[in-house]
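Working notes, beginning with the structure itself.
Everything numeric here is computed off the predicted structure, so don't read it as measured data. Here is the naming used below: chain letters follow the sequence lines, and residue numbers restart at 1 for every chain.
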There are 2 protein chains.
Amino acid sequence: MTRFSGPEDSPGFLLWRVTLAWQRAMRAALAPHDLTHVQFVLLASLWWLVNHGGAPSQQRLAEHAGTDPMMTSQVLRKLADRALVSREVDPADSRARLLSLTPEGKALVAKAMKDVEDADVAYFAGLGDEQQAFVRGLTRLL
Amino acid sequence: MTRFSGPEDSPGFLLWRVTLAWQRAMRAALAPHDLTHVQFVLLASLWWLVNHGGAPSQQRLAEHAGTDPMMTSQVLRKLADRALVSREVDPADSRARLLSLTPEGKALVAKAMKDVEDADVAYFAGLGDEQQAFVRGLTRLL
DNA sequence: CACATACTATATGCGCGCTTACTAAGGCGC
DNA sequence: GCGCCTTAGTAAGCGCGCATATAGTATGTG
């Protein structure tokens, strides 16, 4: 029983805490842009999807970003309120909303992307040459 | 720009998604015990601290578990409502609450611990012999 | 065409993770 | 004793992450 310094040096417990720390780093990097982590993920994913096949629905965006469809709906409405994205009704399917970035959204995501990438690189710099092995492990778990 | 299959095969993005998946596995493992992940972490950490130095305060528990003190307070009150922990006022410092597990709490954490460890082992089994390297990476990032 | 089925999006609600602000009590210098 | 700073805990509130339920539309089958 004494081999535990917490109840958990289980991989999962470490994973959890590392992710929380990483999210704090992301929050700090995104704060100047007035974006949360999920907002940025959705904007960036939307930017990519628009550039690779045209305006997606909320479903497709959520699937691509790995976000919950429910929350994706909420966040997109807030982003639409801020005029960062537009949510046009799909003429071919009046249930769906076709998403696209407004010019302001495009500009914001471009600026934020740089800070996020810098913060990401800085956060994982401590891994040194083990970074590739680490990423391989993550990919295997996904 | 085309090197991204999302805006992110950044390590952080992978880390985030892996952790979400791991948390779902934990949720499933803990659901039969009517515990959330954080509730379990606090119970398990409390169990360890009580066995290594006596009843801790909420602060000490939060620090040890790596949880937010605010949320720790909320969760502990709910656990106390369920008679899984007790929160006695510290006679030496009337601001602080000395925490301990009730017999029900001890029994529950013992049962839940087994399921959590099994789920954890199962989740990381896919890493095979790279598991140690992965955990080393996590530790380095913490 | 009518009906059943499936799908897109939303409303509601709970628990976490964190921020800001507050109360109350301890410790310290004097 | 008296201020001052620190510390333990709580209150209120925002944004995720998810489960459940519902409205409305599209599609397939008769």
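Taking every side-chain heavy atom of A:M70 into account, D:dA19 is the closest of D:dA19, C:dA21, D:dC16. Among the nucleotides C:dT10, C:dC16, D:dC18, the one closest to the side chain of B:R27 is D:dC18. Here C:dG15 is the nucleotide among D:dT10, C:dG15, C:dC16 with the atom lying nearest to any side-chain atom of B:K78. Among the nucleotides D:dA26, D:dT10, C:dC16, the one closest to any side-chain atom of B:R97 is D:dT10. Looking at the side chain of A:D68, the nearest of the listed nucleotides C:dG15, D:dC18, D:dA26 is D:dC18.
Between B:Q59 and the phosphate of D:dA8, there is a side-chain N or O to OP1/OP2 separation shorter than 4.0 Å. An OP1 or OP2 oxygen of C:dG17 is reached within less than 4.0 angstrom by a side-chain nitrogen or oxygen of A:W16. When the side-chain nitrogen and oxygen atoms of A:S94 are compared with OP1 and OP2 of D:dG24, none of them lie within a distance under 4.0 Å. B:S73 has no side-chain polar atom (N or O) that falls below the 4.0 Å cut-off from OP1 or OP2 of D:dA8. Proximity of B:R24 to the phosphate of D:dC18: a side-chain N or O atom is located under 4.0 Å from OP1 or OP2.
Nucleotides of DNA chain D nearest to B:Q74 and B:P69 differ in position, and the one nearer the 5' end is that of B:P69. Nearest-nucleotide mapping onto DNA chain C: of A:R77 and A:L20, the residue sitting toward the 5' end is A:R77. Between B:P91 and A:A96, the residue anchored nearer the 5' end of DNA chain C, judged by the nucleotide with its closest heavy atom, is A:A96. Residues A:A92 and A:Q23 each lie close to DNA chain D; by heavy-atom proximity, the contact nearer the 5' end of the strand is made by A:Q23.
Across the protein-nucleic acid pair, A:F40 atom CZ and D:dG15 atom P stand 19 Å apart, rounded to whole Å. Put simply, CD on B:E88 is 13 Å from P on D:dG9, counting in whole angstrom units. Atom pair B:L42:CG and D:dG9:P shows a separation of 13 Å (rounding to whole Å applied). To the nearest angstrom, C1' of C:dG26 lies 11 Å from CG of B:D90. Here D:dA11 presents its C1' atom at 16 Å from CE of B:M71, a figure rounded to the nearest Å.
Contacts of B:T67 with the nucleic acid, taken as non-hydrogen atoms under 4.0 Å apart, are absent. Within the 4.0 angstrom heavy-atom criterion, no nucleotide atom of any strand lies near B:R60.
Side-chain atoms of A:L42 and A:V85, non-hydrogen and from C-beta on, never get closer than 4.5 Å to each other.
More than 12 heavy atoms of other residues, nucleotides or ligands sit less than 6.0 Å from atom CD of A:E104. Atom CZ of B:R60 is surrounded by 12 or fewer heavy atoms from other residues, nucleotides or ligands within 6.0 Å.
B:Q59 and B:S57 are not linked by any side-chain donor-acceptor pair at a separation below 3.5 angstrom, with hydrogens and angles left out of the test.
The aromatic rings of A:W48 and A:H52 lie parallel to each other, their planes meeting at an angle below 30°, with 60° marking the opposite boundary.
For A:R95 against C:dT8, a side-chain-to-base donor-acceptor contact under 3.5 Å is absent.
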Verdict with reasoning, B:R87 to B:L98, per side-chain contact (heavy atoms from CB on, under 4.5 Å):
CA-CA 6 Å; B:R87 295 167 67 247; B:L98 291 184; over 6 Å; no
